[in-house]
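The structure appears below as structure tokens.
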Amino acid sequence: MSCEHVRSRLDDHLDGKLGSRESEEVRRHLAECSGCRAELAALEELRRRVEGLPVALAPSRDLWPGIAARLARPAAASAARSPWPAWSRWLGAAAAAVVCAAVITGYLLSRTESKPVQTATQAGRDVGAAFASASGEPHYRQAREQLLAALAVRRDSLSPQTLAVVSDSLRLLDDTIVRISGALEKHPGDSHLDRLLASAYRQELELLQRATRLPRES
Amino acid sequence: MSKTLLALITATAALVVPAWAQSPVHETRSLAPDGTVAIENLDGSVQVTGWSQGEVEVTGTLSKEAERLEVTGDVHRLKIRVVLKPGTRMTTDSDLEVHVPAACRVEVECVSASIAVAELRGQVELESVSGDVSVTGTPGELEVEAVSGTITVEAAPNKASLESVSGDIEVARAGGSLEASSVSGAVRILGGTLEGGEVSTTSGEIRLEADLGGRDSLSVESMSGGVVLVVPAGVNAEFELSTFSGSISSQLGPKPERSSDFAPGEELSFSAGSGGPHVDVSSFSGSVQLLTR
């Protein structure tokens with residue numbers, strides 16, 4: 001059994017979904033291969049981190065249903081149909097969970113009054129605005145760090161070209177965030193800048209979320 | 001053996017090997033008119049064309065690294081996958097040509113393979129990392145994701161979502177609500193009618209030449225890329241344009257004003273004609289142009 005095959009089956013291995021024969025082959029391979037053991041350990045660690053997310057802070061489903069839908073939908077849809085190794089799908093779903101939890105947390109902490117149900121687009125903007133507030137930014141940073149960690153785990157499965165595109169884009173977005181933040185320091189309370197900053201945060205998290213669920217390239 | 005003969009043999013071998021290396025495929029399966037076809041291929045190309053028959057036909061060639069073409073599922077959902085030989089990493093091209101019932105749902109996922117779909121009427125979901133994606137005809141719904149590949153759509157349906165990272169997005173004819181976003185790629189909507197939606201980039205240019213219709217708001221946002229809107233001279237819409245440090249030029253409405261005494265940006269809000277959809281254009285440092293045609 002090759003390393004690539006074993007790594008594509010690690011998620012099912014952890015879930016106990018492999019048949020007895022395949023499960024035994026995976027176990028034998030893991031006993032002899034330190035690289036695949038490291039991969040397994042990374043996956044287990046990622047699962048632990050995601051399981052530790054503040055699920056209790058998620059709002060009830062009748063509160064702004066667009067929030068979860070907007071941020072979770074792409075990854076969930078992909079997980080349902082993705083043909084790629086199971087654990088890469090799991091990473092995508094995990095990343096989406098991280099983003100959702102952090103976004104919702106950030107939103108709840110900065111929310112001061114009840115608002116009616118709005119469209120998903122508007123909800124996304126307002127959640128982003130929560131990020132732009134002082135109380136929301138730590139949650140953006142937390143989500144960003146978690147997604148970067150998830151991306152680091154699977155960086156070997158992406159081609160150098162794809163990694164370069166993702167890195168360049170992240171750098172561009174980071175630079176944009178720094179520039180808008182700098183402008184906001186000079187012009188505090190500028191609602192236009194608030195909105196742009198929120199949008200840049202959202203774009204960065206969405207890019208990271210996408211990057212963690214790209215198909216395996218190598 | 002003379003050098004000339006040796007060179008001839010070598011050249012001939014170089015020509016012949018690829019032909020041996022690729023193997024043709026031909027598979028046919030029944031599929032319900034509203035069934036789903038999911039296709040996976042790493043490298044090469046996938047071309048999907050709708051037809052009136054109630055079956056799926058796959059033809060093409062597999063690369064030398066491909067072990068087989070796997071077709072699984074039933075009349076409601078078929079999965080077509082190029083299975084690589086064990087231990088294979090990157091591959092040479094496998095090219096698939098797939099005919100499907102025109103109204104069925106189609107899902108295609110590739111890495112560097114290009115995707116081209118045509119004459120489909122159902123829901124279409126396409127994802128490629130570095131391959132280009134092109135859509136001809138008007139699917140019922142359309143969702144496309146790419147990273148560095150370009151996305152080209154001939155006629156977007158009423159509901160379409162197009163996302164890229166560094167690749168450009170070009171829609172020849174918009175057909176309703178549209179979400180299009182890219183980080184550094186350009187977004188160009190060259191015709192048709194936009195009825196609300198969101199178009200955004202970070203540094204890519206945005207050019208919208210579609211008519212503005214419907215009642216839903218259209219949001220256009222760029223951080224450092226320029227935005228150009230080209231609208232009919234008699235357009236009916238509510239415009240709200242703003243930029244923090246860029247400039248605004250408009251062939252409609254009053255002159256742009258400084259947004260504040262302390263900030264370098266400009267803003268411009270006005271109602272054109274009898275009013276209509278709200279068009280919100282926002283940028284950080286990119287210029288904003290509103291032109292008439």
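Note that this is a predicted model, so its numbers are computed, not measured. A note on names: the letters A, B, ... follow the listed sequences, proteins ahead of strands, and every chain is numbered from 1.
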Between atom [atom1] of [X] and atom [atom2] of [Y], what is the distance when rounded to the nearest 0.5 Å?
{"X": "Arg210(A)", "Y": "Ser164(B)", "atom1": "CZ", "atom2": "OG", "answer": "7.0 Å"}
{"X": "Leu196(A)", "Y": "Glu221(B)", "atom1": "CG", "atom2": "CD", "answer": "5.5 Å"}
{"X": "Arg195(A)", "Y": "Ser242(B)", "atom1": "CZ", "atom2": "OG", "answer": "6.0 Å"}
{"X": "Arg202(A)", "Y": "Ser200(B)", "atom1": "CZ", "atom2": "OG", "answer": "7.0 Å"}
{"X": "His192(A)", "Y": "Phe284(B)", "atom1": "NE2", "atom2": "CZ", "answer": "9.5 Å"}

If I measure from the heavy atoms of chain B, does [X] come under 4.5 Å with its side chain, its backbone, both, or neither?
{"X": "Leu207(A)", "result": "side chain"}
{"X": "Ala211(A)", "result": "neither"}
{"X": "Asp190(A)", "result": "side chain"}

For Glu257(B), does the CD atom sit with more than 12 other heavy atoms under 6.0 Å from it, leaving out its own atoms?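 No - once you tally the heavy atoms of other residues, nucleotides and ligands closer than 6.0 Å, there are 12 at most.
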If I measure from the heavy atoms of chain A, does Ser283(B) come under 4.5 Å with its side chain, its backbone, both, or neither?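 For Ser283(B), backbone heavy atoms alone lie under 4.5 Å from chain A.
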Tell me, for Ser245(B) versus chain A, whether the close heavy atoms (under 4.5 Å) come from the side chain, the backbone, both or neither.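 Neither the backbone nor the side chain of Ser245(B) comes within 4.5 Å of chain A.
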Can you find a side-chain donor-acceptor pair between Ser285(B) and Arg179(A) that sits under 3.5 Å?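 There is such a pair between these side chains.
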Applying side-chain contact (heavy atoms from CB on, under 4.5 Å) between Ser169(A) and each of Val147(B), Val183(B), Thr202(B), report the one that passes.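 Option passing the side-chain contact (heavy atoms from CB on, under 4.5 Å) with Ser169(A): Val183(B).
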For chain B, which candidate among Leu193(A), Thr162(A), Thr176(A) shows the most heavy-atom pairs at distances under 4.5 Å?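 That would be Leu193(A).
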Side-chain heavy-atom pair Glu127(B), Pro215(A) within 4.5 angstrom cut-off: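 Yes, their side chains come closer than 4.5 Å.
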Are Ser184(B) and Leu172(A) side-chain neighbours, meaning at least one heavy-atom pair lies under 4.5 Å?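 Side chain of Ser184(B) against side chain of Leu172(A), heavy atoms only: contact under 4.5 Å found.
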Kindly indicate, with the supporting measurements, whether the criterion side-chain contact (heavy atoms from CB on, under 4.5 Å) is fulfilled by Ile180(A) and Met223(B). CA-CA 9 Å; Ile180(A) 299 174; Met223(B) 299 299 168; 3.8 Å; yes
